[in-house]
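Reading through the structure tokens given below for one structure.
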Amino acid sequence: MEYNHKEVEQRCQKYWAENGTYKVHEDVSKEKFYVLDMFPYPSGAGLHVGHPLGYIASDIYARYKRLEGYNVLHPMGYDSFGLPAEQYAIQTGQHPAVTTKTNIEGGTDKDGNVIPGYRKQLDQIGFSFDWSREVRTSDPSYYKWTQWIFKQLFNSWYNKAEDKAQSIDLLIAHFEANGSDGIKAVCDEHDAFTAAEWKAFDEKKQQEILLYYRLAFLADSWVNWCPALGTVLANDEVKDGVSERGGHPVEQKLMRQWSLRITAYAGRLLQGLDKLDWSDALKDQQRNWIGKSKGASVKFKVDGFDDMIEVFTTRPDTIFGVNFMVLAPEHELVSKITTADCKEKVDAYVQAAALKSERDRQSDVKNITGEFTGAYAIHPFTGDKVQIWIGDYVLASYGTGAVMAVPCGDQRDWDFAKHFNIEIKNIFKDVDISEAAYAEKDAVITDSDFLNDLPVKKAIGVAIKHIMDAGIGVGKTNYRLRDAVFSRQRYWGEPFPVYYKDEMPYVLEGNYHVELPEVDKFLPTEDGDPPLGNADKWSWCINKKIVKDNDQQNGTCTFPLELNTMPGWAGSSWYFLRYMDPCNEKEFVAKDKADYWGQVDLYIGGSEHAVGHLLYSRFWTKFLYDLGHISFDEPFKKLINQGMILGRSSFVYRLIPHINNLFSVEKETIEKAFSLLPPVFISYSHIERYKKEESLTQDESENLGKIKRQLVELGEKMTANVQEKLNDFNLPISYTIQEYVNQLHVDISLVQNDELDIEGFKKWREEYKDAEFILEDGKYICGHEVEKMSKSKYNVQTPDELVDRFGADTLRCYEMFLGPLEQSKPWDTQGINGVSNFLRKFWRLFHNDELFAVSDGEADKKSLKTLHKTIKKIKEDLDRFSFNTVVSAAMIAVNELTDQKCNNRDVLEKMVIILSPYAPHICEELWAKLGHKESVTFAQFPEFIPAHLEDSSYAYPVSFNGKMRFKLELPTTLSKEEIEKEVMANEQTAKYLDGKDPKKVIVVPKKIVNVVM
RNA sequence: GCUCGGAUGGUGGAAUUGGUAGACACGUUGGACUUAAAAUCCAAUGAACAUUGCGUUCGUGCGGGUUCAAGUCCCGCUCCGAGUACCA
């Protein structure tokens, strides 16, 4: 009986669904294992073959761990707040909640397009997700807990003394008892106050101060404003100065926004990386993003003012090399200290810098610009006056927005000094700085008072000591990491559980949360408020019941609500916790459940989340840990980034007709004439040949000549065909290959082995219905290129087609067989037959002609060897996440068992178990046929018995000077000396020795023999 | 520029601690079955030379080195990919 994948897969999937096979419960008697995928944003386009790659790997691993006896949590859900649904809503008026539901559950969109639905697409691949634990971030029962976490952040501050977050109440108690004295916190700067003063402050003032401490806080900050999207963006949502989504320009804008004080966790986020089993590349990305640098902060007094300019430097040892200071154009002191005669130029410069977008500023890096403010700073040790400049190579958002410029030791300062002809002071002994700055740390300092003759590394410490003694600064660690902007001016996101009283923010108390209100339109209001400003009816909810209407007209609530929503990463920062206890209405997760499931043991997803999602969820995890809600402070123990699957695009080459004596004809006439001509296509090979015309063989060049003649004929024919219509034109239209070729994407479903389905192509597009083709051997061969999969490139391969043709098991095995999981690779269906054959061959092992037939009794020795070799290999490979080599090993096993004509029950039954993670359907079916009532899911992974692999002899490769010459079968019981003797006695050895004496014979038992001559 | 990866047949890739390079699969070629095609099965398949068989030489991006032995380790380079970029 041939394997019928459709029937079997349907039956298995029904069985699993009906029996709740993959439903999992907390069970303290079993060890847990948590396998997680990064949950998808449910887009209308549905899945292509790249999406399930990681899910397949994680599913295989989850199934493998179940076979090993673990209680496996393997959930799935949707990151369902997001931009595309909102943008679709703006265009069509369709509520994002509706689109989102359709995209998940299937249906049709407003234009009547059929949406397959994520769930259906996932189900047909046979994943072992526990769907009873599904979460959707846009579901009120989920996001009320996202709001709850926000409230915790709002009500917390970071205590540096204890290096953890604590309740804001502790801080208030401290203020009441001691004022601001004795508090070590991560906070914004403010004036000190006593307990008495604190008590005397009115509520607004108190709230204002608390806001400086809260981990979720409102502040005026420079943000990435994207006018096209009408919203601010986080740093990781901006790439190359444009928005990551849509590629719109981004500018810097000072706005009052919610931020999360992630910088408080910078040190712990950095240290935490050491104990994680993540790739070095990924850890490095996070390290770079956090960007720790050690140095000192130093204050320079501004001459004639009381103000100090604070700078951060990693090279305090070069303090005597300071030639000038540079402030960022946005620096707050600029307008104050600029002298009257410099004012005009400085103002112009500041204004120009403000107008420049981030991208322009970046692309302008090579252009050195700046202005002298006319002001001077006093060098703290020499008392010298140094010029204060402004320049946009100094960034407002890093450090203090000001630098002490040391041209001899920093290339940027050097360039700046050269450009403005500022004299450069050299404080390095025997170092030439006439061509470039000397940034290496192996010099000796000179001309620097107390630092003289010290090597750089020592001088750094000494300099910091002097700076501290002088009271002008401290040793300091600086981070590149910024606080995370948490407001978005959008509709389709979590609303904040925040209202305003006296312009100060307050969070809703207790279990209250805010449901996303209905709006008429999803655009900003006329006053420029975010889309939520359009809502006139709001609901505060508790336990799904509406308890308050924020209806200002009727006076039930007099406080305005926050109109921003949270960013996309809010909901995804903690979803892995909700899976542990998805229906809990009292808590975001019950402590005992969080304790049982603990960290995610294996997390698989794309590397595009390296510094966004993965950093934010680490931050939230540490925060929740600080407050004692969970007992672990890192969310993801082991992480694998699956590579991208690229598409293989196909191309056709359309010839553009041209006219030789253009000047005699009007453009319009030409266009009209051309529009009447049917399109003409030439093959990829024609172009290839044309490109290398010079170096063609005689045959090829004859061929090319033939094609050229064909083209001329075709040109004449075309012209003749349309002559009637063109009538008066009488244009000398012709076709040649040169330069007049348009490369066009063609739908890959019309192409097989690079050959175009011409009839299908003509039907594909109305404009191609009369197309002409220049064929070769009766075929039209398309060109191809490897690109990202996308609808517009017509190179999207959906899993649905492949499941239909080959079955889910084949798709699963094939995606793994393609290559290492982490590697990017082009999709190519050509190899899928091999995998399909393998599964059918496996099926045939259990069948004799039409009938299921396995034999009982003792297994053949050879078969046992094959089996145990395979058990060992597959276990080892899975343990090191080498998913591709497992398929090879399984193929070898099936090939060998087929050769052995093995149909032994014991052997085959074990094969079913070890293959079931890869091919769950076929294995479930065979498992049932073998007479089992329970699902193969809970079988036991067979034990590897080494005895089956032991051989009485081994074929030694015998090499001479490292070159393998022949093999010699010898008993494994022989000692080194005996092996050497046997080898030397062999007649072939004599041949290769060729009369020479061996200098040495190396014998590695059960490995190799090497004769050195 | 910096950081991190990577480079192995016509193709995807394998070789886990230095020990038979090219497993497994695709593709290609030849053959069997068939009226024919598809499917299936069998054989060959790194390159060059030699072919009467045995075979010989070269071969893991390039140049050196360590070693009895290097795809694997060390030094220097080339190219490709990813991330990041005036971070003081």
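Just so we're on the same page: letters track the sequence lines, and every chain starts at 1. Values below: all heavy atoms of this structure, side chains included; hydrogens, waters and symmetry mates excluded.
- Across all strands, A/Lys873 comes closer than 4.0 Å to base atoms (heavy-atom distances).
- Proximity note for A/Asp392 (side chain, C-beta onward) versus B/C86, B/G13, B/U84: the nearest is B/C86.
- When every heavy atom of A/Lys1006 is checked against every heavy atom of A/Thr972, the shortest pair comes out as CE-CG2, 4.1 Å.
- Classification of B/G18 as anti follows from a glycosidic angle more than 90° from 0.
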Seminar exercise, completed: B/S/- along nucleotides 17-24 of chain B (protein heavy atoms under 4.0 Å) is --BB--BB
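- Within 4.0 Å (heavy atoms only), A/Asp413 reaches no atom of the nucleic acid at all.
- Here B/U40 sits opposite B/A32 as a Watson-Crick or G-U wobble pair (both hydrogen-bonding atom distances under 3.5 Å).
- Judged by distance alone, the side chains of A/Asp877 and A/Ser882 never bring a donor and an acceptor atom under 3.5 Å apart.
- When Watson-Crick and G-U wobble pairs are counted only if both distances are under 3.5 Å, B/G12 pairs with B/C24.
- The closest side-chain donor-acceptor pair between A/Arg618 and A/Gln286 falls under 3.5 angstrom.
- A/Asn478 comes within 4.0 angstrom of nothing in the nucleic acid, heavy atoms only.
- Checking the phosphate oxygens (OP1, OP2) of B/C87, no side-chain nitrogen or oxygen of A/Lys292 falls inside 4.0 Å.
- Between the side chains of A/Ser959 and A/Asn1010, at least one donor N or O lies within less than 3.5 Å of an accepting N or O.
- Across B/C58 and B/A21, the matching C1' atoms stand 14 Å from one another, rounded to whole Å.
- Nucleic acid contact for A/Arg965: sugar-phosphate only, since backbone atoms but no base atoms lie under 4.0 Å from a heavy atom of the residue.
- Other residues, nucleotides and ligands place more than 12 heavy atoms under 6.0 Å from the NZ atom of A/Lys283.
- At the phosphate of B/G13, OP1 or OP2 sits under 4.0 Å from a side-chain N or O atom of A/Gln823.
- One finds a side-chain N or O of A/Arg412 lying less than 4.0 angstrom from the OP1 or OP2 phosphate oxygen of B/C87.
- Inspection of the A/Glu822 and A/Ser279 side chains reveals no N or O donor paired with an N or O acceptor under 3.5 Å.
- Contacts of A/Val1012 with the nucleic acid, taken as non-hydrogen atoms under 4.0 Å apart, involve only primed sugar atoms and P, OP1 or OP2.
- Nearest to the side chain of A/Pro820, among B/G13, B/A88, B/U56, sits B/G13.
- When both pairing distances are held under 3.5 Å, B/U57 makes a Watson-Crick or G-U pair with B/A47.
- Checking B/G83 for Watson-Crick or G-U wobble geometry (two distances, each under 3.5 Å) identifies B/C2 as its partner.
- B/U78 and B/A7 make up a base pair, with Watson-Crick or G-U wobble contacts both under 3.5 Å.
- Annotation: of the two residues near RNA chain B, A/Thr369 and A/Val1011, the 5′-most nearest-nucleotide partner is A/Val1011.
- Put simply, A/Tyr992 has a side-chain N or O that comes within less than 4.0 Å of OP1 or OP2 on B/U56.
- The partner of B/G19 is B/C68, by the rule that a Watson-Crick or G-U pair needs both atom distances under 3.5 Å.
- Between A/Lys825 and A/Asp877, it is A/Lys825 whose nearest contact on RNA chain B lies nearer the 5' terminus.
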